[in-house]
Structures are given as C-alpha cells and as structure tokens.
Amino acid sequence: MTALLDIDALRVAVADGPTLVDGISLSVASGQTLGLVGESGSGKSMTAHAVLGLFPAPSIQVTSGAIRLEGIDLTRLSADARRRLRGRRIGMVFQDPSSFLDPLLTAGRHIAEAFRAHGVTPDLAPRIQAALARVDLPASVAGRFPHELSGGQRQRVLIAAALAMDPAVLIADEPTTALDVTVQAGILDLLRREAAARGLGVLLITHDLGVVAETCNEVAVMYAGRIVEQATVHRLFRAPRHPYTQGLLASVLDPGRDAAPFAMPGAVPPSHAMPAGCRFHPRCPLVVDQCRTIPPAMVDGVACWRAGA
Amino acid sequence: MSLLSYTLRRLLHAIPLLLAVAVLNFCLIAAAPGDPVTALIGDFPAPAEYVAKMRQDYGLDQPLPVRLGRYLQHLASLDLGYSFANRMPVSTLVAARLGATLKLTGTALAVAAVLGVALGLLAARLGGWVDRLVRFGATLSYAMPEFWLGQLLILAFAIGLGWLPSQGAAPLRGAAAGWAGFVEGLRYLLLPASALALRYLALIARITRARAVEVLRADYVLAARARGASETRVLLDHVLRNAAPSVITVIGYNAGLLLAGSALTETVFGWPGIGRLLFDSIAARDTPTMLAILLMVSASVVIANLLTDVLHRLLDRRVA
C-alpha cells in the first residue's frame, strides 16, 4: 500500500504559545479510512487544519514535521500552490452542514465553485449533475438554497463539492455529529463506498467510536496533542492496550453489557498547562512514577509505560 | 407571499403614511410665524385693509381645518398649488429643478456606494493599519457636516487652488455642446458631489467593513477556501454577497440623509436643484412650494425604503 497522505512528526503551535499538536505521525493509503479519535481539545481538528493549510487564526502554525500528499511536502509549498491543491487533491467535509454552506448561494453554486477554483469552467451544468448523482441527490437540488434542504442533503451537497474534482484524500471532520442517527448511516455508507470504489483515502476525525467501528480500517487515538495508540479497528476494539483507549471503550453505552458505562474521571488538560511525562497520567488508573516524568515513546502501536503490564 | 403582492401591499401602506406626513407638514407650517402675504409685501407700508383683502383672496383668512381640507383636495387631484414667490405653478417650478438634484444626489450615491463598499472590503480583508485608517477616516467624515465640508472644499479647490468652480451647475454663459460641455459639467459637479457623498460614503464603508469582518470568519468561507477558492473569489462570491443585504439596508434607510444633505450642499454651492429651492422657499414663506418639496422628500424616503426591502428579499430568499 502506498500512502496518499503521510503526516510525519507534525507539530502545530500558537506563535509564542502552547503546542496544540505535538509530534504526531499518521498515514492514509488509497482506499483506506483512518479514524482519528479523541475528546474535544485533543488536537484532532488542528491536525485537519494543518493538512489543509487553513488555521482558524494566523498565529497558529506548523512548527515542525512534514505533511506529504502524494509524495509532496505541503509544508514547503507556497500559499498559492497549497490553495491549488485544496479541493483538487484534498477535499474536506465539516461538522455542521448548515453553517458550512453559504446561505445565499444555491447548492449548485457551491459545487460550481469547486470546479471554477481549479479552472474547470466548460460544461458546468452536467458536471454539477454528475457530482450530485455521485452523492445520491437528484439534479433538482442544484437550484435549491441551503435553507430548502434537510441536514442530510446539506451534508451530501458539501461532500459533492468536496469530491467534485476527484481528490485523492478526503478529510472528514465529525461529518455526522450534527446529523440524525438515521441520516448518519447514509453519509457513512457514502464515504465507505467512495473509499472502496474509487480508492479515496479518508481521514475521518470523530469522537464517536461507533462511527469508527462502522467506517474505518485503522484507528489512531489522540490525547492532548499526541497519538497514544494506533491499530486496526478490529484489534483496537478487541484488545485496547492504552489505558485511555480502554477508558474510551468502557465509556461507550453497550446494550450487551450489564455494567453501566464507565465515566472517565477528569478532562483533557488545557494546552497551556500540559502535565509532564505521559499526558494522561493524572487520569490514569495504572499510573507509576515513571509516567509522571518521562513521556512514553510509541512502541508497537502504543505509547504507554504500562502497556502489557 | 410573492414579491409582487408584497410590493403592492407596501405601496398601499404608503398612502396613509404620506397623507399623515402631508397633514403634519401643513399644520407645522401653519403654526410657524409669518405667511406668504407678509413675505410678498415685505417692508412696504401697505394699509391693513389691503393686507386683509389679499389674505381673503388667497383664502388665508379661513380657519386651519378648512385650509387643510382644501390643500388635501388639491393634492388628491395632483395639484401642488401655486408659488406666490415665483409666480408660477409649483409643479412647473419643481419639474425645472428636479434634474439638477437627481444629477447631484445620483452622483453622490453612486460614488458613496462604490467607494464605500470598496474601502469597507479592503479594510476588512487587509486589517492592520489600512483598517485603522479607514475606520478613523470614516468616523471623522461622518462627524463632518456637509455645509462645513462644502465651504472647506470651496476654500481649498475653488478659491485657494482655483482648479474648480464653486457655484452653480454650469457656466453663466451657458454650457458648451458635446464632449466639452460634459467635461465642463463634471467640473461643476465634482465639489458639491464630493461634499454630499462623504458622510454617506463613511456610513457605507463602516457597515461594509463590519459585515465583511463577520462573514470572513464564517464557516462557509472556511469551506470555500477548503474547496480552493482564491481570496478574491471568496471576497466577491461570499463576502460581498452576504454583506450586500446589510449594506443595501443602510443605503436605503439613510436616503433621508442624502436628501437633507442635498438641501445644504445645494445652498452652499448655489446648485439649482430642489434643495436650493426648499431653502429659498422657506426664506420667502412660500408655503405651497415648501409643502410640495417636503412631501416629495417624504415620498422619496418611503420609496427608498420600499426598494430596499424588495432588494433585500431578492438577495436573501430566507426573508419571508
């Protein structure tokens, strides 16, 4: 498997401020869906912003590491070269489809924008129809305004716009969080189909382990800006090794289990007050002295001193 | 509700509103001291019987409700009355002056809208010192009354530098024909149009900047960038479009500002328009002309507001 997207020791920080993403490495291959899981504040969305090259504030920057897309290191490209890759080689889908669609533009105009941004101007009408058909929407949706569409339809329009130029990689940041459960399944199904049929590499960012189980091949669990465990979905769900992953899995409501879901004590530490050593140690049930001082390295897919203990 | 039925309904609502405005104006002017007869006679020592006879001839001896009733009756048949001071029908008088005012206000509106939107977008996009400069300039300009600014412009460009004429809309000898005449007209237009446009421009620049800053932070702008849209396209396709309803609302609802400013500007620059006519008619106690112009101004504001709401609905389909 060749990696389409290869993130290597990426660090993202606020200028003169805290580090938000602290040396993470990930890779997404063609046809693969990688889940990036973590609580809010874990740095998973910042990772997506870094890949796209669009941070919410200009003071947030990639400070070291590489992001290679089809072999090209994005962090070394000019702003305009990155813009030309956005939408063409990397697509992005966001959490809340209602706020990510321009209220004054029709669905068709959003898709047309993706084509026009990359110089594709002839035959836009049939192209827009094809893009809509790809996400199972009728051609009539092109003329509708966002407020005339349902939540699921809006998300499909955003996916259609993101996939319009046939990108190699799609980043989906909580794509189903704002949707009804029944609608979620359809959207996830669509992402799975694109990955399987067209070899699209998907980086699926979510806090929902159910979504991961349903959609991903591989999972990386992020905690406080670092990846603490990475494994195939099958292995991670069967035998989680990091205490944080174990806590996450135990906190999921499971009708087949007698015990009540486990509520992990504490919260993700704020980025300006990261604990020394393993960042999970203040919340870890297995903590030993070593955890408080020396950060564990990633060995065999898990970054924990007590893994296997 | 369709746009057409909405527009018709709004037009129907405008009729009682304008009627109320007409009644109010009439009563206000009736309550003011002096009348056309005293203004006509001036300082001439006319006998009291003569004055009384004139008042009787013009119907000014009648009680207020009777005069008001007659005024409204004439209005209903679109008769604006007779100007004592100018000795011609008010409609003829107004029609002769309307062109000059439309030229002045139209130019000022166009300049204010185009430059105001451009400066507002620029300030929002670039931020930093450009933003601070635009905001400072806008606040300063908005605080400057037209008549004062007009006189400063005359001092600087007409008297000091001698570049542009300070009075009137055309040379006294009459305008030249063709292209030369057009250029000559622009030279006369430049100073009064600038004086009139500045406050409006400041207002438009400020609202454009405020809305554009908001839109630039919107999620859908991030999504557009994620599709590879360039900053120029983001500005034109998303920011301008989403700022437009607010900007148009401010432009439309402040049309009164432009008309009031026009009266002052025309007076300072001797511009032969409606505003100047209003000023002169007040000085001459020319009640019919005053009433006609005040009613026209009110009607213009009502129409401007209606146009604003219709445009707003066209731009944003969510407005029910």
Side-chain angles (χ1 to χ4, degrees), chain A residues 48-49 51-58 79-106 109-120 143-148 154 157-158 160-165 167 170-171 173 178, chain B residues 1-3 117 121 123-132 207-208 211-250 308-320:
Chain A
H49 287 298
V51 174
L52 219 55
L54 294 172
F55 287 112
D80 195 55
R82 292 204 77 170
R83 178 190 72 72
R84 277 184 267 118
L85 287 174
R86 281 199 288 272
R88 195 164 60 83
R89 301 311 299 157
I90 328 165
M92 174 116 188
V93 179
F94 301 89
Q95 179 169 346
D96 182 1
S98 34
S99 68
F100 283 92
L101 284 170
D102 187 328
L104 303 188
L105 293 184
T106 59
R109 287 285 297 268
H110 286 87
I111 300 168
E113 180 173 62
F115 286 118
R116 288 210 187 97
H118 303 287
V120 180
R144 301 252 178 85
F145 285 93
H147 70 275
E148 298 168 327
R154 286 178 203 152
V157 168
L158 279 169
L163 296 180
M165 290 295 295
L170 182 74
I171 301 171
D173 188 1
Chain B
M1 187 169 36
S2 80
L3 202 61
V117 167
L121 284 182
R125 177 72 194 89
L126 298 178
W129 66 267
V130 177
D131 186 24
R132 279 195 292 277
I207 186 71
T208 306
R211 262 306 278 162
V213 163
E214 234 174 86
V215 176
L216 277 168
R217 278 198 290 256
D219 286 342
Y220 53 82
V221 163
L222 175 62
R225 288 180 177 141
R227 284 191 283 273
S230 66
E231 285 307 305
T232 314
R233 293 256 53 107
V234 165
L235 222 48
L236 294 179
D237 294 344
H238 298 281
V239 178
L240 193 55
R241 182 176 290 260
N242 278 278
S246 312
V247 174
I248 284 171
T249 302
V250 163
T308 304
D309 290 347
V310 169
L311 266 177
H312 197 152
R313 278 158 182 266
L314 276 176
L315 282 170
D316 189 347
R317 304 300 176 84
R318 290 169 301 173
V319 184

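Chain identifiers are assigned alphabetically (A, B, ...) following the order of the sequence lines, protein sequences preceding nucleic acid strands; residue numbering begins at 1 within each chain. We use all heavy atoms of the structure for the numbers below, so side chains are in, but hydrogens, waters and symmetry mates are not.
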Search all heavy atoms of A223(B) against all heavy atoms of F100(A) and return the closest pair with its distance.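 A223(B) and F100(A) have their closest heavy atoms at CB-O, 3.5 Å.
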So which heavy atom on A226(B) is nearest to which on L54(A), and how close?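 What the structure gives for the nearest pair is N-CD1, 3.7 Å.
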How many angstroms lie between CG in L104(A) and CG in L240(B), if you round to the nearest 0.5 Å?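 Reported value, rounded in 0.5 Å steps: 11.0 Å.
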Atom pair CG (L52(A)) and CZ (R225(B)), whose distance is rounded to the nearest 0.5 Å: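 Between L52(A) CG and R225(B) CZ, I get 11.0 Å after rounding to 0.5 Å.
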What part of [X] gets closer than 4.5 Å to chain A, counting heavy atoms only: side chain, backbone, both or neither?
| X | answer |
| --- | --- |
| A229(B) | both |
| R241(B) | both |
| A244(B) | neither |

Counting only heavy atoms closer than 4.5 Å, note whether [X] contacts chain B via side chain, backbone, both or neither.
| X | value |
| --- | --- |
| I90(A) | backbone |
| R116(A) | neither |
| R83(A) | both |
| A114(A) | both |

Flag the one option from L222(B), D237(B), D316(B) with the top tally of heavy-atom pairs under 4.5 Å to chain A.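 Result: the option with the highest number of such pairs is L222(B).
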Flag the one option from [options] with the top tally of heavy-atom pairs under 4.5 Å to chain B.
| options | value |
| --- | --- |
| P103(A), G91(A), G53(A), A162(A) | P103(A) |
| D102(A), L158(A), D96(A), D80(A) | D102(A) |
| H110(A), M92(A), R82(A) | H110(A) |

R86(A) side chain vs R227(B) backbone, donor-acceptor pair below 3.5 Å: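 Here the side-chain-to-backbone pair does not exist.
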Side chain to side chain contact (heavy atoms under 4.5 Å, CB included) between D219(B) and Q95(A), worked out: CA-CA 10 Å; D219(B) 286 342; Q95(A) 179 169 346; over 6 Å; no
